[in-house]
Amino acid sequence: MSFPLLTATAALPAIGAIATAAVPAAKRTAAKWLALLFSLATLALAVTVLVRFAPDGDRYQLTESHSWIADFGVRYELGVDGIGVALIALTALLMPFIVLAGWHDADPLETGSRRWRPTQGFFALILAVEAMVIISFAATDVFLFYIFFEAMLIPMYFLIGGFGDRAHKDGEEKAATQRSYAAVKFLLYNLAGGLIMLAAVIGLYVVAGNFSLTEIAQARANGELEMATSTERWLFLGFFFAFAVKAPLWPLHTWLPNAMQESTAPVAVLITAVVDKVGTFAMLRFCLQLFPEASKWATPVILVLAVISIIYGALLAVGQRDIKRLIAYASISHFGFIVMGIFAMTSQGQSGATLYMVNHGISTAVLMLIAGFLISRRGSRLIADFGGVQKVAPVLAGTFLIGGLATLSLPGLAPFVSEFLVLVGTFTRYPVIGIIATFGIVLAALYTLVLYQRTMTGPVKPEVAAMPDLRVREIAVVAPLVVLLVFLGVYPKPVTDIVNPAVKQTLSDVQKKDPQPEVEAAK
């Protein structure tokens, strides 16, 4: 039997979580180094997965299949296509930087505080989320996917509610209340989506007789499994609702600004750059493959919701006074682009959407982590409390600008290529939707440049006059990500070569082909 590489990649951070949590309370530094070591080891395994994956090979590779709950046809089945392997690589890549960025976020508070921050628990929860996300990207059994899709809510709930941002001016008691509210809102929204999905998962089993994605999809393609139109549509809606909450897509997005505002910066990155990608990934893997006709039926409404997310998120970002909430609303706008690319049902749109998931993860990590470093120095998240930072901390300001320019998809930085592909892919089939979506780019330039102007330029405010520049650890966090933003901005081929074959197979599932360009006959 071949080595279970996917299981090992998911199991390693899970083992790391247990080992980190078991470190004695007095050995906080040892717990941090142990978490970093396990995140780096997981990255090494993820790179191995990436190297062993053959883009032109079988659709699902490195497969594993074992009987789990035989009476109900539940199997432990794993396998990755090009989309899954790209997102596993993204997850493993970001984790060491998240750990390093949060190095002091769970240290004990000052003497006399009523809150104790268990450092070991903080890093153990982060590793636990990594394990669950990786297994979600690799699961090809619907029930297995559902379990980890829901299970990741538990560590995320404690990360949001138990380890919130310290930049509160309203007192510790009110800060704790706001953290609890954000954590409960996150949990309730996602649990509601998960319960509806559970009903759809049970319905799928009743219709198909098993939970295997590959078997069900193959049976549907061969005409061996027939679903009534109404049944397929109801099942699709059950799955899509849960994924739209996780994504998040308007109007199911309202949990995200609160969660990101109250979280530490590394946890905010974990939410939007890693966990939320499970929702958009699942739209490609499960909605389109299992319910192709229903996906096409729902496309017009979903595209409208995606465009609303793009414009609505960007407009609200323009008016924000809180740095973290601004980045949260910007992410809602970006997820609108991703969903739009998926349901444009073109190769350019879906390739761009997958590439956007990767690039958004990197660009948001840069911007949010730098924002976290900035906020921790000033002790405030309010934009109005900053000014003139570039004169006292030029390296911090410069990296913040690069992260902001990536967010507005400046040519030469990674998100530009993905956003361009999404717009081209959408415009070829839905030109009106594509035209409206381009206004999101204009708004992105507005909120990004206004944020930079108000925080980094102008007279130096007395409160930031003594602000230190980035330290060695902080530079080690953002410098590799900035390099990656530039590299993928000028040479995205390594990622597109991996995802394009999987995108073509997904389009084949829904029996869609790219529209042929209209060429006027020569006169």
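Since this is a predicted model, take the numbers as computed values, not measurements.
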**Message:** side-chain contact (heavy atoms from CB on, under 4.5 Å), that's the test. Do Val269 and Val274 meet it? Break it down for me.
**Reply:** CA-CA 7 Å; Val269 171; Val274 176; 5.7 Å; no
**Fill in**
Here the pair of heavy atoms bringing Val99 nearest to Phe123 is O-CE2, 3.6 Å
**Prompt:** How about Tyr447 and Gln320: does a side-chain donor come under 3.5 Å of a side-chain acceptor?
**Reply:** no
**Prompt:** What distance separates Ile370 CD1 from Leu401 CG, expressed to the nearest 0.5 Å?
**Reply:** 11.5 Å
**Request:** Find the distance between CG (Leu408) and CG (Leu413) and round it off to the nearest 0.5 Å.
**Result:** 8.5 Å
**Message:** Is it true that, when you exclude Tyr312 itself, more than 12 heavy atoms of the residues, nucleotides or ligands shown sit nearer than 6.0 Å to its OH?
**Reply:** yes
**Request:** Using modelled atom types only, decide if a donor and an acceptor are shared between the side chain of His334 and the backbone of Met357 within a distance under 3.5 Å.
**Result:** no
**Message:** If the threshold is 4.0 Å, N to carboxylate O, is there a salt bridge linking Asp81 and Arg285?
**Reply:** yes
**Message:** Less than 6.0 angstrom separating the ring centers of His360 and Phe335, yes or no?
**Reply:** yes
**Message:** Can you confirm whether Tyr60 is buried at OH, in the sense that more than 12 heavy atoms of other residues, nucleotides or ligands lie under 6.0 Å from that atom?
**Reply:** yes
**Asked** Among Leu396, Asp469, Val464, which residue meets the side-chain contact (heavy atoms from CB on, under 4.5 Å) test with Arg377?
**Response** Leu396
**Message:** Within a 6.0 Å radius of atom NZ on Lys504, are there more than 12 heavy atoms belonging to other residues, nucleotides or ligands?
**Reply:** no
**Asked** Counting only heavy atoms not in Arg473, do more than 12 sit closer than 6.0 Å to its CZ atom?
**Response** yes
**Prompt:** Would you say Leu43 and Val47 make side-chain contact, with heavy atoms under 4.5 Å?
**Reply:** yes
**Request:** Determine whether the side chains of Tyr356 and Glu419 contain a donor N or O and an acceptor N or O closer than 3.5 Å.
**Result:** yes
**Nearest-0.5 Å distance, CZ of residue Phe400 to CG of residue Leu405** = 10.5 Å
**Prompt:** Which distance, rounded to the nearest 0.5 Å, do you find between the CD1 of Ile498 and the NZ of Lys493?
**Reply:** 10.5 Å
**Item:** Candidate pair Tyr452 and Gln390, rule side-chain contact (heavy atoms from CB on, under 4.5 Å), full reasoning
**Value:** CA-CA 10 Å; Tyr452 183 83; Gln390 68 180 11; 2.9 Å; yes
**Message:** Within the supplied structure, the quantity of interest is the number of heavy atoms (other residues, nucleotides, ligands) at a distance under 6.0 Å from Arg454 CZ; does it exceed 12?
**Reply:** no
**Asked** Is any side-chain heavy atom of Met456 closer than 4.5 Å to a side-chain heavy atom of Leu374?
**Response** yes
**Request:** Tell me, with the steps shown, if Ser331 and Thr272 meet side-chain hydrogen bond (donor to acceptor under 3.5 Å, both in side chains).
**Result:** CA-CA 7 Å; Ser331 289; Thr272 191; 3.3 Å; yes
**Message:** Is there a side-chain contact (heavy atoms from CB on, under 4.5 Å) between Val366 and Phe97? Walk through the geometry before answering.
**Reply:** CA-CA 10 Å; Val366 172; Phe97 301 113; over 6 Å; no
**Request:** Determine, stepwise, if the pair Leu481 / Leu94 fulfils side-chain contact (heavy atoms from CB on, under 4.5 Å).
**Result:** CA-CA 9 Å; Leu481 296 176; Leu94 291 179; 4.1 Å; yes
**Prompt:** Got Leu270 and Met156 here, is their nearest side-chain heavy-atom distance under 4.5 Å?
**Reply:** yes
**Message:** Rounded at 0.5 Å granularity, tell me how far CD1 in Ile308 sits from CG in Leu303.
**Reply:** 11.0 Å
**Asked** Are Phe149 and Phe243 close enough that their ring centers fall under 6.0 Å?
**Response** yes
**Message:** For the aromatic rings, using the six-membered ring if either is Trp, is the centroid distance between Tyr157 and Phe186 under 6.0 Å?
**Reply:** no
**Item:** Heavy-atom side-chain contact between Thr9 and Leu12 under 4.5 Å
**Value:** no
**Request:** Would you please say whether a donor-acceptor pair under 3.5 Å links the side chains of Glu64 and Thr7?
**Result:** yes
**Message:** When you compare the side chain of Met95 with that of Thr42, does any pair of heavy atoms fall below 4.5 Å?
**Reply:** no
**Atom pair CD1 (Ile441) and CG (Leu410), whose distance is rounded to the nearest 0.5 Å** = 11.5 Å
